[in-house]
Amino acid sequence: MSLRTASDDSASEIHLPADIDWEMLDKSKFFFLGAALFSGVSATLYPAVVLKTRQQVVASRIPCLEMANSMLRNEGLRGFYRGFGTSLTGTIPARALYMGALEMTKSNVGTATVRLGFSDAAAAAIANAAAGLSAAMAAQLVWTPIDVVSQRLMVQGFLTQGGGGGLKSYNGGIDAFRKILCTNGVTGLYRGFGISILTYAPSNAVWWASYSVCHRGIWRLIGCRGCRREDSGGGYRADGQAVVAVQAASATLASGVSALATMPLDTIKTRLQVLEGEEAAAERRRRRPAVAETVRELVREGGFRACYRGLGPRWACMSMSATTMITTYEFLKRLSTKNQETPVFY
């Protein structure tokens with residue numbers, strides 16, 4: 001990709017590392033290295049996910065730091081990693097589906113939009129939005145059951161202590177999977193699937209489109225700063241540190257837009273997946289909580305602001321996840337490029 005900028009003395013080009021499309025990747029290396037890299041990312045960010053989930057399901061508002069201190073005091077560091085094994089097991093196939101759908105859609109839609117006469121910027125935004133949408137829908141086929149199980153493990157014990165609905169006691173992910181399947185069937189594992197699609201598909205589309213726009217906009221804003229002049233005199237080559245910094249800033253901005261737009265849906269989804277009562281529980285918890293009932297309960301508890309409980313951890317988690325994801329993802333793609341003995345990094 002090249003971006004033209006106006007310098008004081010002449011018009012120059014900033015040469016960024018070329019985009020790597022689906023056909024240029026060694027697929028086995030791409031998926032194997034991706035599983036390893038993103039497992040590490042998931043482990044780093046998991047405590048923020050646990051905090052966000054607990055804030056969303058508790059009946060009263062508890063400040064994030066207060067909850068974190070309480071968890072550390074009562075449960076130790078293990079409390080921040082409840083359900084992590086289950087989550088990690090599902091992350092690997094879900095990420096594989098996500099990355100495959102993302103790259104194939106981006107490559108095909110990008111080519112089609114350019115042929116239709118769209119500008120490079122518009123074509124990139126459309127391709128990224130379509131890729132994010134299709135990737136999220138593909139990943140949710142695997143991720144929703146894992147999400148249901150891991151979220152119940154995250155809040156196990158916490159709800160009974162902090163005031164909320166009671167849940168069965170689960171002895172790990174396999175036991176939780178078996179009990180949910182026996183009690184509610186397959187539909188119990190796919191509870192919240194529809195609203196998960198409504199949350200993650202638009203969220204991913206907004207994120208990838210926003211990222212594309214922010215990425216180009218930041219490069220135009222900073223111009224040649226953070227670049228070095230090429231020996232041939234044909235323009236500027238973006239410095240490696242500048243590339244990573246722009247990617248991180250673009251990811252953070254895109255995460256803010258996406259988090260604000262979809263937070264209420266994420267809160268409703270989490271409650272639908274977690275606050276399902278068992279047969280021996282009270283009537284309110286025995287029946288399935290519909291979306292409308294969940295919204296009414298949230299509004300009763302704290303008004304519309306209750307829909308934004310956990311926004312801080314979610315925004316922080318999305319920003320950190322997006323920043324590490326995009327930089328790791330670009331690094332992964334360069335490691336996985338075909339016919340390249342030594343990957344080139346700028």
N/O donor-acceptor pair under 3.5 Å between Ser119 side chain and Ala122 backbone
yes
Drop me the distance from Thr144's OG1 to Lys269's NZ, to the nearest 0.5 angstrom.
8.0 Å
Atom CD1 of residue position Ile174 - does it have more than 12 heavy atoms of other residues, nucleotides or ligands inside 6.0 Å?
no
Phe118 backbone acceptor or donor facing Thr113 side chain under 3.5 Å:
no
Same cluster or not: Leu65 versus Met67, using hydrophobic residues (I, L, V, M, F, W, Y) connected whenever any side-chain heavy atoms lie under 4.5 Å apart?
no
Would you say Gln156's side chain and Tyr170's backbone share a donor-acceptor pair under 3.5 angstrom?
yes
Side-chain donor-acceptor pair under 3.5 Å between Ser150 and Ser87, yes or no?
no
Asp26 side chain vs Lys29 backbone, donor-acceptor pair below 3.5 Å:
yes
Under the salt bridge (Lys or Arg N to Asp or Glu O under 4.0 Å) definition, can you give me all pairs with a residue in residues 34-55, not counting sequence neighbours?
Lys52-Asp266, Arg54-Glu75
Can a donor-acceptor pair be found, under 3.5 Å and without considering hydrogens, that links the side chain of Thr105 to the backbone of Leu102?
no
Within a reach of under 6.0 Å around CG of Asp175, are more than 12 heavy atoms found that belong to other residues, nucleotides or ligands?
yes
Any donor-acceptor pair under 3.5 Å linking the side chain of Tyr46 with the backbone of Arg82?
yes
Polar side-chain atom of Tyr98 near backbone of Gln140 as donor-acceptor pair, under 3.5 Å
no
Tell me whether the rings of Phe193 and Tyr190 are parallel (<30°), tilted (30 to 60°) or perpendicular (>60°).
perpendicular
In the structure I gave you, are the side-chain heavy atoms of Met137 and Tyr200 within less than 4.5 Å of one another anywhere?
no
State the CD-OG1 distance between Gln55 and Thr270, to the nearest 0.5 angstrom.
11.5 Å
Hey, does the side chain of Ser107 reach the backbone of Glu103 with a donor-acceptor pair shorter than 3.5 angstrom?
no
Ignoring hydrogens and geometry beyond distance, is a side-chain donor-acceptor pair present between Ser258 and Ser203 at under 3.5 Å?
yes
Quick one: pull up CG in Leu88 and OH in Tyr81 and give me the separation to the nearest 0.5 Å.
11.0 Å
Checking Arg271 against Glu301 for the salt bridge (Lys or Arg N to Asp or Glu O under 4.0 Å) test, could you report, in this order, the C-alpha distance in whole Å, the side-chain angles of both residues, the deciding distance, and whether it holds?
CA-CA 13 Å; Arg271 287 208 165 202; Glu301 289 175 5; 2.8 Å; yes
Main-chain N/O of Met263 paired to Thr267 side chain as donor or acceptor, under 3.5 Å
yes
Side chain of Asp147, backbone of Trp143: donor and acceptor closer than 3.5 Å?
no
